Each structure stands twice: as structure tokens, then as C-alpha cells.
J.: 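Pasting a structure below so you can have a look.
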Amino acid sequence: YFYLYLCNMTVEKYLKENKAVNVSEVAKLMFPKNQSAKSYLSKKLNQKDGLSFTQKDAESALGAIKKLYGVIDSLTID
């Protein structure tokens, strides 16, 4: 497993700023039925087309990140 140690960073900020995270893979786990999951997540993170990154998205993203990368210390939902 790939372990990351962070200092109180939100999931949204982590996805926007951490280049080590494969956002496409996170998006696929978050939105498994959406063929354009990466684009959809990107729009949510960048508040495009009236979309926003919600509390539910943060919870889903945190679960996906943990599944892909293992233990994440100090990563918060909000």
C-alpha cells in the first residue's frame, strides 16, 4: 500500500492539489455508472456547469482514496 500523511487537508483540496493521486481512478470508484466520471468529478471540483463538490462527494472520494491508497491520516471531509 501507498501511505500518505497529511496535515488537516480537505478531500476536495487534496484532489485538486495532490498530483500523486490518480483522479481518474478516484472518479471511477465514486461514479461507477458514469462513463465520463473523470470529467464529471473535474467539473465538480472546479465548480463548472453549476456543479459543486458536496459533502456526499467528499465522503465518497475519501472512501475511494482509502481503497486506492490505503491509510490517509488527517484528511477531512470539510
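The shown structure was predicted, so the numbers you read here are calculated from the model rather than taken from an experiment. Just so you know, these numbers use all the heavy atoms, side chains as well, and skip hydrogens, waters and symmetry mates.
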J.: What's the separation between atom CG in L15 and atom CG in L62, rounded to the nearest 0.5 Å?
T.: 9.5 Å
J.: Rounded to the nearest 0.5 Å, how far apart are OG of S36 and CZ of F31?
T.: 12.0 Å
J.: Considering only heavy atoms from C-beta outward, does the side chain of K43 approach that of S39 to under 4.5 Å?
T.: yes
J.: Taking A37's backbone N and O only, do any of them form a donor-acceptor pair with K28's side chain (distance below 3.5 Å, no angle check)?
T.: no
J.: Which residues satisfy the salt bridge (charged side-chain N to carboxylate O under 4.0 Å, His left out) test with K48, sequence neighbours excluded?
T.: none
J.: Is F53 close to L41 at the side-chain level, that is, under 4.5 Å between some pair of heavy atoms?
T.: yes
J.: CD/Q47 to OG/S52 distance, rounded to the nearest 0.5 angstrom?
T.: 6.5 Å
J.: Does Q35 have more than 12 heavy atoms from other residues, nucleotides or ligands lying within 6.0 Å of its CD?
T.: no
J.: From K67 NZ over to M30 CE, what is the distance, rounded to the nearest 0.5 angstrom?
T.: 13.5 Å
J.: Are any side-chain N or O atoms of N22 and backbone N or O atoms of S24, one a donor and one an acceptor, separated by less than 3.5 Å?
T.: yes
J.: For the OG1 atom of T54 and the CD atom of E12, what is their distance to the nearest 0.5 Å?
T.: 9.5 Å
J.: Taking salt bridge (charged side-chain N to carboxylate O under 4.0 Å, His left out) as the test, write out the residues that go with K44, two or more places apart.
T.: D57
